[in-house]
Asks: 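Can you keep this structure in mind? I'll have questions shortly.
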Amino acid sequence: MERDRRLSGVNKYYVSKAGAGGMGQVKTMDEGEENSDSEEKAHILTENKGSGTKEYLPELEKKEKETKSVIKNIQWITGNNFTVERGQQQIEEYISTWDVHISWLHWSEFLQEEELKHSKRYHYRVCWSVPTRRKPIPRATASVYFVIEISKIKPATSPVEVFYTLESSRLIHRPGQHQFREKWLKDIIENKIILMERLNF
């Protein structure tokens, strides 16, 4: 939008200079001609502002759509190359693609292995917090739970399936399909602090 305003400003400035530059010939105009000339300049100014905006808006909308449509992901390992340690490394690699503020710190851990009929699931937890100088031990944390699933039916060379959920939520998110939002972490921590303050009273 700022660039839009700048473009409009350029058009406006250009038209004004063009109007002022017409002083090479001094011509006396009657009231009707003067009004007509003013109306024409106003029309040119409006037309230039409008055309500049119309030309720029589609380009801006296209860039915004492209930005929204880019969901970062990584190349997940195949089932035959999987280890618990490698799975944790890949989760850390995937988390590094998230757009979160530098003040957020996290640590990850392996929780358990789950045996199912057609697959094996490996559960991990990533704990987030925002420690400060005044409060190096944060009042609350937010956890994200990852599951790496290895199929017993698909070929061993198939990539592992990965999904994650947020603490106190059943909604399943999958890398490459959903864009992680920092707001989710903030909401969890804020809700915890509100609950603790209520319990203290």
Side-chain angles (χ1 to χ4, degrees), residues 1-3 59-116 118-152 154 156-198:
M1 292 297 297
E2 188 175 349
R3 183 180 173 186
E59 181 183 350
L60 179 62
E61 290 173 358
K62 183 180 178 182
K63 287 183 178 179
E64 287 178 350
K65 288 179 180 178
E66 288 176 353
T67 303
K68 291 179 180 179
S69 63
V70 174
I71 300 177
K72 296 178 182 178
N73 199 0
I74 65 169
Q75 186 68 42
W76 294 92
I77 59 174
T78 58
N80 59 340
N81 291 323
F82 176 82
T83 63
V84 171
E85 293 77 14
R86 183 60 181 141
Q88 189 170 350
Q89 290 172 3
Q90 286 232 288
I91 289 172
E92 289 287 344
E93 184 183 348
Y94 172 63
I95 287 174
S96 69
T97 68
W98 290 357
D99 186 16
V100 296
H101 192 267
I102 193 172
S103 59
W104 284 97
L105 299 180
H106 75 275
W107 56 269
S108 61
E109 64 175 342
F110 172 70
L111 296 177
Q112 64 176 346
E113 178 183 336
E114 181 184 8
E115 188 80 32
L116 300 176
H118 300 296
S119 65
K120 272 188 179 182
R121 288 183 174 180
Y122 297 83
H123 296 258
Y124 299 83
R125 178 167 75 118
V126 182
C127 189
W128 293 86
S129 63
V130 187
T132 61
R133 288 184 179 179
R134 288 187 176 183
K135 295 182 179 179
I137 301 176
R139 295 179 64 186
T141 61
S143 293
V144 181
Y145 295 93
F146 279 84
V147 175
I148 297 180
E149 186 172 20
I150 301 176
S151 175
K152 295 179 181 178
K154 294 180 181 179
T157 53
S158 300
V160 297
E161 296 287 336
V162 184
F163 60 89
Y164 63 92
T165 58
L166 280 83
E167 182 178 350
S168 70
S169 174
R170 294 183 179 180
L171 184 62
I172 294 175
H173 303 273
R174 295 186 183 275
Q177 296 181 13
H178 302 92
Q179 183 69 47
F180 184 84
R181 298 181 182 180
E182 183 181 346
K183 184 180 183 299
W184 297 342
L185 300 176
K186 290 180 180 178
D187 289 345
I188 293 172
I189 289 179
E190 287 174 3
N191 290 335
K192 281 185 175 181
I193 292 174
I194 290 172
L195 181 59
M196 285 188 291
E197 289 175 347
R198 287 178 180 175

Asks: For the pair Tyr164 and Phe180, name the ring-plane relationship: parallel under 30°, tilted 30 to 60°, perpendicular over 60°.
Replies: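 It falls in the tilted class, 30° to 60°.
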Asks: In the structure I gave you, are the side-chain heavy atoms of Trp184 and Ser169 within less than 4.5 Å of one another anywhere?
Replies: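 No, side chains not in contact.
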Asks: Around atom CG of Asp99, are there more than 12 heavy atoms from other residues, nucleotides or ligands closer than 6.0 Å?
Replies: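 Check fails, neighbour count at 12 or below.
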Asks: May I ask you to say whether Arg139 pairs ionically with Glu197, meaning some side-chain N is under 4.0 Å from a carboxylate O?
Replies: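 Judged by the 4.0 Å cut-off on N to carboxylate O distance, Arg139 and Glu197 do form a salt bridge.
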Asks: Apply the side-chain contact (heavy atoms from CB on, under 4.5 Å) test between Arg125 and each candidate in Tyr145, Phe146, Phe110; give the one that qualifies.
Replies: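 It is Tyr145; the other options fail the test.
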Asks: Side chain to side chain donor-acceptor pair (under 3.5 Å) for Ser108 and Glu92? Distances and angles first, verdict last.
Replies: CA-CA 8 Å; Ser108 61; Glu92 289 287 344; 2.6 Å; yes
Asks: Rounded to the nearest 0.5 Å, what separates atom CD in Glu85 from atom CD in Gln88?
Replies: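 The CD atom of Gln88 is 8.0 Å from CD of Glu85, to the nearest 0.5 Å.
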Asks: Any heavy-atom pair between the side chains of Leu185 and Val130 that's under 4.5 Å?
Replies: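 Val130 vs Leu185: side chains apart.
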Asks: Counting only heavy atoms from other residues, nucleotides and ligands, does the tally under 6.0 Å from NZ of Lys72 exceed 12?
Replies: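 Not more than 12 within 6.0 Å, no.
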Asks: Please round to the nearest 0.5 Å and tell me the distance separating atom CD of Glu149 and atom CZ of Phe82.
Replies: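 Spacing of CD (Glu149) from CZ (Phe82) equals 11.5 Å.
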Asks: Evaluate side-chain contact (heavy atoms from CB on, under 4.5 Å) for Val160 paired with Tyr122, printing each intermediate quantity in order.
Replies: CA-CA 11 Å; Val160 297; Tyr122 297 83; over 6 Å; no
Asks: Verify the neighbour count for atom NZ of Lys154: are there more than 12 heavy atoms of other residues, nucleotides or ligands below 6.0 Å?
Replies: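 Count not over threshold, so no.
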Asks: Apply the test side-chain contact (heavy atoms from CB on, under 4.5 Å) to residues Val147 and Glu114: give CA-CA distance (whole Å), side-chain angles for both, the deciding distance (0.1 Å), then the verdict.
Replies: CA-CA 10 Å; Val147 175; Glu114 181 184 8; 6.0 Å; no
Asks: Report the C-alpha distance between His173 and Arg181 in whole Å, list the side-chain angles of each, state the deciding distance to 0.1 Å, and finish with yes or no for side-chain contact (heavy atoms from CB on, under 4.5 Å).
Replies: CA-CA 11 Å; His173 303 273; Arg181 298 181 182 180; over 6 Å; no
Asks: In sequence, state the C-alpha distance, the side-chain angles, and the governing distance for Asn81 and Arg86, and then conclude on side-chain contact (heavy atoms from CB on, under 4.5 Å).
Replies: CA-CA 8 Å; Asn81 291 323; Arg86 183 60 181 141; over 6 Å; no
Asks: A quick test of your reading: do over 12 heavy atoms of other residues, nucleotides or ligands sit less than 6.0 Å from CD of Gln75?
Replies: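 Open: at most 12 neighbouring heavy atoms sit under 6.0 Å from CD of Gln75.
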Asks: Which distance, rounded to the nearest 0.5 Å, do you find between the CD1 of Ile148 and the NE2 of His123?
Replies: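 Those atoms lie 10.5 Å apart.
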